[in-house]
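The block underneath contains the structure these notes are about, expressed in structure tokens.
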Number of protein chains: 2
Amino acid sequence: MAKAKRTLKWQRDPEGMRLRILEAAKQEFSAHGLAGARVDRIAAKAGANKRMLYYHVGNKDELYLAVLEGAYDKIRSEERGLDLEHLDPPEAIRRLIEFTWNYFLRNPEFLSLLQTENLARAKHLKKSTKVKSMHSPFVEMIRTVVRRGVDSGDFQVAVDPVQLYISIAGLCFFYLSNSATLSVIFGRDLLDKKAKDERLAHMVGLVLAALTGQSVALFEIAKAPKSRAAVAQTA
Amino acid sequence: MAKAKRTLKWQRDPEGMRLRILEAAKQEFSAHGLAGARVDRIAAKAGANKRMLYYHVGNKDELYLAVLEGAYDKIRSEERGLDLEHLDPPEAIRRLIEFTWNYFLRNPEFLSLLQTENLARAKHLKKSTKVKSMHSPFVEMIRTVVRRGVDSGDFQVAVDPVQLYISIAGLCFFYLSNSATLSVIFGRDLLDKKAKDERLAHMVGLVLAALTGQSVALFEIAKAPKSRAAVAQTA
DNA sequence: ACAGTATTTATCCAACGGGTTAATTTCTTC
DNA sequence: GAAGAAATTAACCCGTTGGATAAATACTGT
């Protein structure tokens with residue numbers, strides 16, 4: 001009798017497994033928060049056994065921190081590719097806003113993770129050594145843009161780059177991360193295409209108007225027909 | 001033998017108990033989120049027995065919704081007292097920003113609750129009927145200010161009041177609710193007195209500059225000495 | 001003073017959830 | 001082809017947690 005070819009019950013793939021676990025954990029943590037996340041669900045979603053989490057990553061908290069660090073790593077590395085240096089200052093700021101906005105749109109889990117971590121008053125992030133070092137280059141990048149803008153006369157004001165970045169991130173972040181409750185209380189869907197386009201225009205207009213002193217494009221939806229436009233805006 | 005005067009084991013006070021439970025629940029939910037909150041801790045903090053929660057309010061979810069509704073009720077009712085109608089438009093906007101900022105500072109649990117609820121994609125808030133109605137008057141209040149500002153020439157642009165409010169709230173909210181992680185990644189304490197003052201100035205400057213077209217007070221920290229000021233800002 | 005009701009306490013428990021232990025299967029290498 | 005290491009599975013452990021049951025205590029009207 002011919003020896004039947006063994007069908008494998010599982011393949012070995014430690015790297016792949018680790019990645020699948022981290023990805024599944026990202027989903028789970030962003031969907032349910034730290035306390036709400038279920039280790040079993042992460043395992044299931046990763047197509048793995050619960051024991052694997054502990055084998056490959058560590059306990060729930062370590063897993064969470066790994067996910068968080070990965071998330072920061074990803075956004076900062078994409079930001080490095082922005083090269084704002086070669087754009088004239090207003091255009092650089094516009095691009096920074098658009099990037100931030102689109103990144104948040106493309107990576108909603110990042111927003112959730114940040115919220116979760118802040119709910120925990122950054123208890124876990126404080127333990128991370130990697131994260132702290134990733135940010136100064138980014139701040140310098142913005143500082144340079146602002147300085148160039150002031151020197152060239154494009155910008156009326158010199159603004160602290162950290163404040164500016166927090167403002168830009170805040171304008172994007174709050175709208176998106178709180179869109180659920182905001183949609184309910186204001187009774188409009190803030191996530192449909194039109195609403196998102198309007199929001200982006202509003203933010204770019206707001207920031208550039210403040211920096212340059214000139215009202216920008218779509219921000220000034222109407223100044224001609226007295227106050228009619230303000231009304232129309234709401235429908 | 002004289003009958004000893006009974007010492008009461010407890011007093012009756014349903015109203016008070018209900019309030020203490022809601023207050024304790026607010027603390028607990030804002031500190032630990034919905035999933036992280038512990039019913040026993042709420043009971044203990046309220047100086048009550050766990051059974052009381054179910055007796056006076058209902059199960060964990062109902063308790064959470066009650067807390068959430070209470071939180072919205074409180075901020076909206078304080079906002080109604082702002083009467084922006086009697087201020088000239090730029091001053092009204094400044095006051096709105098200052099109020100929002102200070103309210104968030106005074107009521108950090110409100111921020112946490114919002115974060116928690118958004119993490120749950122407003123699942124619970126959607127069930128609430130009370131909340132939806134509380135907001136249109138507030139939007140109208142802002143709309144009126146904007147309209148007056150445009151008509152008087154103070155504002156260069158007519159802006160959608162909902163967008164404007166979301167921007168103001170976002171500038172305040174993100175800074176405060178994310179101060180924990182931001183402080184870590186930028187390596188500065190964003191909650192000390194000086195930092196908070198600077199932030200408020202920055203926000204008022206940003207928004208008013210955008211609306212009026214004129215750079216406002218502390219926002220323009222320096223335009224004279226070339227780019228030196230931008231550097232000084234960071235220390 | 002008595003009955004009936006509202007409020008509060010004291011226990012209990014079944015389900016769940018994170019983590020561990022031990023066995024099983026695959027890979028490597030000699 | 002055997003031994004040892006690495007990866008994976010299956011089953012269990014045990015404290016926790018939301019919620020339930022029943023009894024005790026205070027208040028009200030009559």
Side-chain angles (χ1 to χ4, degrees), chain A residues 3-68 116 120 123-124, chain B residues 3-68 116 120 123-124:
Chain A
K3 191 193 287 177
K5 185 184 167 207
R6 280 290 311 286
T7 53
L8 298 187
K9 289 179 71 176
W10 37 270
Q11 283 93 34
R12 283 194 165 199
D13 181 12
E15 318 283 319
M17 178 58 88
R18 195 186 143 86
L19 289 180
R20 271 180 298 145
I21 289 174
L22 286 174
E23 178 60 30
K26 185 166 80 178
Q27 304 293 334
E28 179 72 9
F29 284 126
S30 66
H32 303 282
L34 178 51
R38 291 294 163 257
V39 172
D40 292 279
R41 275 201 299 253
I42 296 176
K45 216 173 303 185
N49 188 286
K50 179 166 59 163
R51 181 66 183 78
M52 304 303 298
L53 308 189
Y54 296 91
Y55 183 78
H56 286 287
V57 187
N59 62 20
K60 194 181 182 185
D61 278 343
E62 294 176 62
L63 187 52
Y64 170 75
L65 182 56
V67 166
L68 198 59
T116 296
K123 186 171 64 176
H124 314 86
Chain B
K3 193 192 284 177
K5 184 184 167 207
R6 282 289 313 286
T7 52
L8 299 185
K9 291 178 70 174
W10 37 270
Q11 282 92 33
R12 284 193 162 199
D13 181 12
E15 317 283 318
M17 179 58 90
R18 196 187 143 86
L19 289 180
R20 271 180 298 145
I21 289 174
L22 286 175
E23 178 61 29
K26 184 166 80 178
Q27 304 292 334
E28 179 73 10
F29 284 126
S30 66
H32 302 283
L34 178 51
R38 292 295 164 255
V39 172
D40 292 279
R41 275 201 300 253
I42 296 176
K45 216 173 303 182
N49 188 286
K50 184 167 53 162
R51 180 67 182 78
M52 304 302 296
L53 309 189
Y54 297 93
Y55 184 77
H56 284 286
V57 187
N59 63 21
K60 194 182 183 183
D61 278 342
E62 294 176 62
L63 187 51
Y64 169 75
L65 182 56
V67 166
L68 198 58
T116 296
K123 187 170 61 175
H124 314 86

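Chain letters run A, B, ... following the sequence lines, proteins first and then strands; every chain starts at 1.
- Across residues 22-34 of chain A, not one residue has a non-hydrogen atom less than 4.0 Å from an atom of DNA chain D.
- Checking side-chain atoms of E28(A) against main-chain N and O of R38(A) turns up a donor-acceptor pair under 3.5 Å.
- Rounding to the nearest 0.5 Å gives a distance of 6.5 Å between CD1 of I42(B) and CG of L53(B).
- The stretch residues 37-66 of chain B comes close to DNA chain C through N49(B), R51(B), M52(B), Y55(B), H56(B), each having a heavy atom under 4.0 Å from the strand.
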Exercise. Please step through side chain to side chain contact (heavy atoms under 4.5 Å, CB included) for the pair R20(B) and E23(B), ending with a clear verdict.
Key: CA-CA 5 Å; R20(B) 271 180 298 145; E23(B) 178 61 29; 5.7 Å; no
Quiz item: Yes or no on side chain to side chain contact (heavy atoms under 4.5 Å, CB included) for L63(A) and V39(A), after CA distance, side-chain angles and deciding distance?
Solution: CA-CA 10 Å; L63(A) 187 52; V39(A) 172; over 6 Å; no
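- A donor-acceptor pair under 3.5 Å links the side-chain atoms of K60(A) to the main chain of L34(A), judged by distance alone.
- Proximity of a side-chain donor or acceptor of N59(A) to a complementary backbone N or O of E62(A) within less than 3.5 Å is detected.
- Legend: residues meeting ring-ring contact (aromatic ring centres under 6.0 Å, His included) with Y64(A), ordered by chain and number and at least two apart, are F29(A), H124(A).
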